[in-house]
Amino acid sequence: MLCTALHRHSIFCIVPPHVLREISKNGSAQQRDAALHTLAADATQRALRVAVGRGRPGGGGSPPAPEGKKQRTVGNAGNIQTMPGEVARREGDGPTGDVAVDEAYDGLGATWDFFWDAYGRNSIDDEGMPLDATVHYGSRYNNAFWNGQRMVFGDGDGEIFQRFTIALDIIGHELAHGVTQDEAGLVYMFQAGALNESMSDVFGSLVKQKLLGQTADQGDWLIGAGLFTDKIQGAALRSMKEPGSAYDDSLLGKDPQPGHMDDYVDTWQDNGGVHINSGIPNRAFYLIATEIGGYAWDKAGRIWYETLRDARLRTNTKFQRFAELTVDVAGRLYGAGGSEQEAVRGGWSQVGIEVKNK
């Protein structure tokens, strides 16, 4: 998720600012301190991103890997806010015994495998971009982010959040921001920004489901399951199946995501509600994937991936136009009037977006 109100020079963080602000109001002195330090660190990274500018994702100057080959490097920041950190594990190295290092390494690999095996995509940029990560970033840093070149993971505060490498779908989510950045550059404002977030939730969930060998009806459709400690009343950061149900806690508040256009949140905060209204396309994808059945990455995921790559997808695309494109792509891939196309049309209808027959 985006850590900033700027939409063209962005870092993408999994914990949205409104959650950290709730903690800064409702938490203990130590919890408030961790939340405020996280917000400050995110703002610094945002400023750095503005300084270097925005463009296609890049591997920090490393040469691309040979086609069909991973190239991973995980650095250890030693609980200092520094990057890349001391190299802890390179491609082909065995496990280190450091849980965060090894989870990051495995998560980068699982995400690379997903895009290569499912869609023939050669890393984030489809040109062999190396996958780099930094773990143990900062002290009690309550976030993880993609900065256009690498993944960065905090260890959490141990009271609200556990280590941010713990959930594979978080890693898949953040790296998928790079895919969206490369293919479509969806502006991180209002509905286009919510689509950007939703794309990452979709592919993050599919990375996890593919690794576990789950069909659409077997997946939990949760983003960030396991991230909260047992002190928090919540299953995850978000639920694609039932937006608005992921958490309800005195410290964090209640999950604000809607699952239908009737409940769409009109706001200028949060870049126009990008972290909130992404629940609507999230639920549409869940409904479509479970209606089609089987492995969600096979057909439903393919439709979303090809729509992301479609030249008709503009940087400021809204929900209605995106829905129309997915219906069109489904017909092109699997036949006009076929069950897949009707499943896509029906899923959007159930969240209040109608796509008429042409």
Side-chain angles (χ1 to χ4, degrees), residues 1 14 103 106-119 121 144 162 164-177 179-180 194-228 234-248 255 257-260 275 278-308 322-323 326 329-330 333-334 339-340 342-344 346-348 350-351:
M1 292 194 167
I14 195 67
E103 285 177 339
D106 291 343
L108 295 177
T111 304
W112 189 98
D113 287 341
F114 168 80
F115 281 105
W116 177 258
D117 294 341
Y119 309 126
R121 187 178 186 87
Q162 304 203 65
F164 278 80
T165 56
I166 198 169
L168 174 60
D169 45 49
I170 288 177
I171 300 174
H173 170 105
E174 294 300 333
L175 292 175
H177 275 304
V179 176
T180 297
L195 285 171
N196 193 318
E197 270 302 313
S198 179
M199 282 288 189
S200 279
D201 279 353
V202 164
F203 291 122
S205 187
L206 295 185
V207 168
K208 178 172 69 175
Q209 290 178 30
K210 190 172 189 303
L211 185 71
L212 296 175
Q214 294 175 331
T215 57
D217 63 327
Q218 294 170 333
D220 62 16
W221 297 98
L222 295 173
I223 303 298
L227 180 61
F228 292 136
L237 288 171
R238 289 180 297 285
S239 170
M240 298 179 67
K241 180 179 180 179
E242 294 292 342
S245 70
Y247 60 86
D248 189 354
D255 177 6
Q257 283 203 314
H260 194 280
H275 303 119
S278 56
I280 295 169
N282 274 1
R283 177 155 171 79
F285 184 84
Y286 160 77
L287 292 167
I288 291 161
T290 51
E291 176 64 23
I292 292 174
Y295 295 120
W297 61 87
D298 275 347
K299 291 187 175 180
R302 168 68 73 175
I303 292 165
W304 253 238
Y305 179 70
E306 295 298 339
T307 302
L308 181 64
F322 184 79
T326 60
V329 169
L333 290 175
Y334 302 113
S339 60
E340 295 87 356
E342 293 312 305
V344 176
W348 285 112
Q350 289 183 70
V351 300

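Treat the numbers as computed from the prediction; the structure is a model and nothing was measured. Keep in mind that the numbers below use all heavy atoms, side chains included, and drop hydrogens, waters and symmetry copies. For reference, positions follow the sequence shown, starting with 1.
Side-chain atoms of His177 and Glu197, non-hydrogen and from C-beta on, do get closer than 4.5 Å to each other. Phe164 places none of its side-chain heavy atoms less than 4.5 Å from the side chain of Glu174. Counting only heavy atoms from C-beta outward, the side chains of Leu333 and Glu306 approach each other to under 4.5 Å. Using a 4.5 Å heavy-atom cutoff, the side chains of Gln218 and Leu212 are not in contact. In this structure, the side chains of Ser205 and Ile223 come closer than 4.5 Å at one or more pairs of heavy atoms. Within the 4.5 Å cutoff, the side chain of Ile280 has heavy atoms near those of the Pro258 side chain. Between Asp220 and Lys208 there is a side-chain heavy-atom pair separated by less than 4.5 Å.
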Go through the steps to decide whether Thr165 and Glu103 satisfy the test side-chain hydrogen bond (donor to acceptor under 3.5 Å, both in side chains), and finish with yes or no.
CA-CA 6 Å; Thr165 56; Glu103 285 177 339; 2.6 Å; yes
Verdict with reasoning, His275 to Gln257, per side-chain hydrogen bond (donor to acceptor under 3.5 Å, both in side chains):
CA-CA 8 Å; His275 303 119; Gln257 283 203 314; over 6 Å; no
Can Ser239 and Glu242 be said to form a side-chain hydrogen bond (donor to acceptor under 3.5 Å, both in side chains), step by step?
CA-CA 5 Å; Ser239 170; Glu242 294 292 342; over 6 Å; no
Hey, mind stepping through Val329 and Arg302 against side-chain contact (heavy atoms from CB on, under 4.5 Å) and telling me if it holds?
CA-CA 9 Å; Val329 169; Arg302 168 68 73 175; over 6 Å; no
Check against side-chain contact (heavy atoms from CB on, under 4.5 Å), Ile14 and Arg238
CA-CA 10 Å; Ile14 195 67; Arg238 289 180 297 285; 3.7 Å; yes
Set out, in order, the CA-CA distance, both residues' side-chain angles and the distance that settles side-chain contact (heavy atoms from CB on, under 4.5 Å) for Arg121 and Val179, then state yes or no.
CA-CA 10 Å; Arg121 187 178 186 87; Val179 176; 3.8 Å; yes
Start with the C-alpha distance between Trp348 and Leu287, add both sets of side-chain angles, then the distance that settles side-chain contact (heavy atoms from CB on, under 4.5 Å), and finish with yes or no.
CA-CA 8 Å; Trp348 285 112; Leu287 292 167; over 6 Å; no
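In plain terms, the two heavy atoms of Gly301 and Leu206 that are nearest each other are CA-CD1, 3.9 Å. Contact record, Gln214 with Trp297: O-CZ3, 3.5 Å, taken as the closest heavy-atom pair. Residues Val207 and Gly172 approach most closely at CG2-CA, 4.4 Å, considering heavy atoms. Across Ala296 and Gln209, no two heavy atoms sit closer than the pair CB-OE1, 3.8 Å. The minimum heavy-atom distance between Ala144 and Ile170, with the atom names listed, is CB-CG2, 4.5 Å. Of all heavy-atom pairs spanning Ala300 and Ile288, the tightest one is CB-CG2, 4.4 Å.
Judged by distance alone, the side chain of Ser198 and the main-chain N or O of Ala194 form no donor-acceptor pair under 3.5 Å.
Side-chain contact of Thr290 with Asp217: a donor-acceptor pair under 3.5 Å is absent, judged by distance alone.
Here the NZ atom belonging to Lys241 is positioned 10.5 Å from the CH2 atom belonging to Trp221, to the nearest 0.5 angstrom. For the atom pair Arg283 CZ and Met240 CE, the distance stands at 11.0 Å (nearest 0.5 Å). With rounding to the nearest 0.5 angstrom, the CG atom of Leu308 is 9.0 Å from the CG atom of Asn196.
For Gln162, the CD atom is densely surrounded, since the number of other residues' heavy atoms within 6.0 Å is greater than 12.
You'll find the ring centres of Trp304 and Phe285 inside the 6.0 Å limit.
By the 30° and 60° cut-offs, the orientation of the rings of Tyr305 relative to Tyr119 is parallel. Taking the six-membered ring where the residue is Trp, Trp112 and Trp116 present parallel rings, their angle staying beneath 30° rather than reaching 60°.
Exactly one of Asp169, Asp106, Leu175, Leu211 qualifies for a side chain to side chain contact (heavy atoms under 4.5 Å, CB included) with Thr111. That residue is Leu175.
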